[in-house]
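To start, the structure itself, in structure tokens.
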2 protein chains.
Amino acid sequence: MPDEQRTKAGEAVTALILDVFRLNGRLQLAGDRLVSELGLTSARWQILGAIAYSDRPESVACHARTMGVHRQGIQRIVNELKREGIVELQPNPHHKRAHLVVLTQKGQELYEAAIARQIPWVNELSEGLSPDDIATAQNVVDRLKARLEEASMRQDQSSPPEGSMN
Amino acid sequence: MPDEQRTKAGEAVTALILDVFRLNGRLQLAGDRLVSELGLTSARWQILGAIAYSDRPESVACHARTMGVHRQGIQRIVNELKREGIVELQPNPHHKRAHLVVLTQKGQELYEAAIARQIPWVNELSEGLSPDDIATAQNVVDRLKARLEEASMRQDQSSPPEGSMN
DNA sequence: ATTTTATTGACAACATATTGTCAATTGAAT
DNA sequence: ATTCAATTGACAATATGTTGTCAATAAAAT
């Protein structure tokens, strides 16, 4: 199989990927606008969301893995949020270094304020779209994501030393 | 309408957005790996693609608009690519400052080498996915993107001075 | 023709993301 | 128990993206 041409699905996924890049940019921009008055940004908001949604407190590295990004970026922002009293670190009974990140009262309120702005925004954005189509889109996106995660895992295992996410 | 709760579609789109963020991260990572040996990155590759795909040479600002990002980021990378002989700037008969960006021979070859790596990669990634589902996904993503662009336009028009993309 | 507005490249400051390294700690292997 | 690989936070360097400003140019308005 010389792989000189894209398959039909390959063609369609290539087009989808380009649109995902552009949509991501637009979402980032819209998110920044949506929460800028709260002193938040898209990046901070996403991290608050990860902390708020996790069933129990987790370490920075664990959140990074779940979000599919590098530890260092999360660490930097969590350190800032800590200085601003939005999150705090709890001792981890199972690990001396890997402290657990939790929202402070202030962080909770901030996150709820962000949600209060997101709800009418997303309701308007999604108005008139078919729930079935949205579900199909999510399914495709999720499957692509899962495949890339697998492939990423495989590559990481084969060659380099050093831990989870570098 | 108090907008205290998300509609069904709003709920589904919120979930889709979170997946788009994660997929974008994975794609960026995979893209970096795919072309790193060529001395490229995802960002550079995307810009080369925009230049290669445009029907005729366009200015930096025009490419930025098409890609939905800020002029300055494109400008910085285009300047680097120019220094490396991957792109060059042609005089624009219609505008003294807004030079037109084109690929050099080296840039052409580089972009083709990137495509040669992307084809087997995307063929494998999309294997077994329903073309209909992919098309539906692309349609949803595209419509969300279009709505955000509209909304962004509306906001930009209302208040600030300064040109297209700031 | 003159004035006003919009576009554009340049520059700078900052936010975010990626990559590599290090030492402390943990857990598995022996 | 000792050794060794993996995980984790810290730090630094670099790449990328965002925001604001400026002067030059172009296009529109008058």
Side-chain angles (χ1 to χ4, degrees), chain A residues 21-22 24-33 35-36 39-47 58-65 67-82 89 91-101 152 156-157 160-166, chain B residues 21-22 24-33 35-36 39-47 58-65 67-82 84 89 91-101 152 156-157 159-166:
Chain A
F21 285 155
R22 297 201 184 96
N24 183 78
R26 295 295 180 182
L27 287 171
Q28 216 72 30
L29 202 58
D32 282 341
R33 287 184 178 186
V35 295
S36 68
L40 288 178
T41 61
S42 276
R44 286 164 162 239
W45 184 15
Q46 277 177 253
I47 293 172
E58 297 290 358
S59 68
V60 164
C62 178
H63 282 301
R65 245 175 337 216
M67 298 172 71
V69 297
H70 296 263
R71 287 180 296 126
Q72 289 82 343
I74 306 295
Q75 188 76 56
R76 185 180 55 76
I77 294 184
V78 163
N79 288 342
E80 286 177 11
L81 294 174
K82 192 178 108 186
L89 300 182
N92 184 347
H94 298 335
H95 198 302
K96 258 186 206 166
R97 302 195 71 190
H99 296 308
L100 305 175
V101 189
S152 185
D156 286 342
Q157 278 179 349
E162 159 71 347
S164 60
M165 213 60 217
N166 267 4
Chain B
F21 285 154
R22 298 202 183 96
N24 183 78
R26 296 295 180 182
L27 287 171
Q28 216 72 30
L29 203 58
D32 282 342
R33 286 184 177 185
V35 296
S36 67
L40 288 178
T41 61
S42 276
R44 285 163 162 240
W45 185 13
Q46 278 178 252
I47 292 172
E58 296 289 0
S59 69
V60 164
C62 178
H63 282 301
R65 244 175 336 215
M67 299 172 71
V69 297
H70 296 261
R71 288 180 294 128
Q72 289 82 343
I74 306 294
Q75 188 78 56
R76 185 178 53 75
I77 295 184
V78 164
N79 289 341
E80 286 176 11
L81 294 174
K82 190 178 112 189
E84 296 171 30
L89 299 182
N92 185 346
H94 298 333
H95 199 301
K96 259 185 206 167
R97 302 195 71 191
H99 297 309
L100 303 175
V101 189
S152 185
D156 285 343
Q157 278 180 349
S159 41
E162 160 69 344
S164 59
M165 213 61 218
N166 268 5

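Atom set for the values below is all heavy atoms of this structure, side chains included, hydrogens, waters and symmetry mates excluded. So you know, we letter chains A, B, ... as the sequences are listed, proteins then strands, and number each from 1.
Separating the CE atom of B:Met67 from the C1' atom of D:dT16 is a distance of 12 Å, rounded to the nearest angstrom. B:Arg71 places its CZ atom 17 Å from the C1' atom of D:dT16, with the value rounded to the nearest Å. Going from atom CG of A:Asn79 over to atom C1' of D:dG9 covers 9 Å, rounded to whole Å. Between the CG atom of A:Asn24 and the P atom of D:dG17 there is a distance of 10 Å, rounded to whole Å. Here the P atom of nucleotide C:dT8 and the CG atom of B:Leu100 are 11 Å apart, to the nearest Å. In this structure, the CD atom of A:Gln46 is 11 Å from the P atom of C:dT16, given to the nearest Å. Nucleotide C:dT16 holds its P atom 5 Å from the CD1 atom of A:Ile77, rounded to whole Å. A straight line from NE2 of A:His63 to P of D:dT7 spans 18 Å, rounded to a whole angstrom.
Between the side chain of A:Arg97 and the base of C:dT25, no donor-acceptor pair of N or O atoms lies under 3.5 Å. Taking only distance into account, the side chain of B:Gln72 meets the base of D:dG20 through a donor-acceptor pair shorter than 3.5 Å.
For B:Lys96, the side-chain atoms get nearest to D:dT25 when compared with the rest of C:dT19, D:dT18, D:dT25. For B:Ala61, the listed nucleotide lying nearest its side chain is C:dG9; candidates were C:dT16, C:dG9, D:dT16. Taking every side-chain heavy atom of A:Gln75 into account, D:dA10 is the closest of D:dA10, C:dA17, D:dT18.
The structure places CZ of B:Phe21 at 5.0 Å from CG of A:Leu27, a figure rounded to the nearest 0.5 Å. For the atom pair CD1 (B:Ile47) and CD (B:Glu80), the distance works out to 9.0 Å, reported to the nearest 0.5 Å. Atom CG of B:Leu81 and atom CZ of B:Arg44 lie 5.0 Å apart (nearest 0.5 Å).
Both B:Asp32 and A:Thr41 lie close to DNA chain C; mapped to their nearest nucleotides by heavy-atom distance, the more 5′-ward contact belongs to A:Thr41. Heavy-atom nearest nucleotides on DNA chain C were determined for A:His95 and for A:Arg76, and the one closer to the 5' end corresponds to A:Arg76. Map A:Gly25 and A:Ser59 each onto its nearest nucleotide of DNA chain D; the residue landing nearer the 5' end is A:Ser59.
Phosphate proximity of C:dT7 to B:Arg65: absent, as no side-chain N or O sits under 4.0 Å from OP1 or OP2. At D:dA26, none of the side-chain N or O atoms of B:His94 fall inside 4.0 Å of OP1 or OP2 (strictly under the cut-off).
Contact check on A:Arg65 versus A:Glu58 returns no salt bridge, with no Lys/Arg side-chain nitrogen under 4.0 Å from an Asp/Glu carboxylate oxygen.
A heavy-atom distance below 4.5 Å is found between the side chains of A:Gln46 and A:Gln28.
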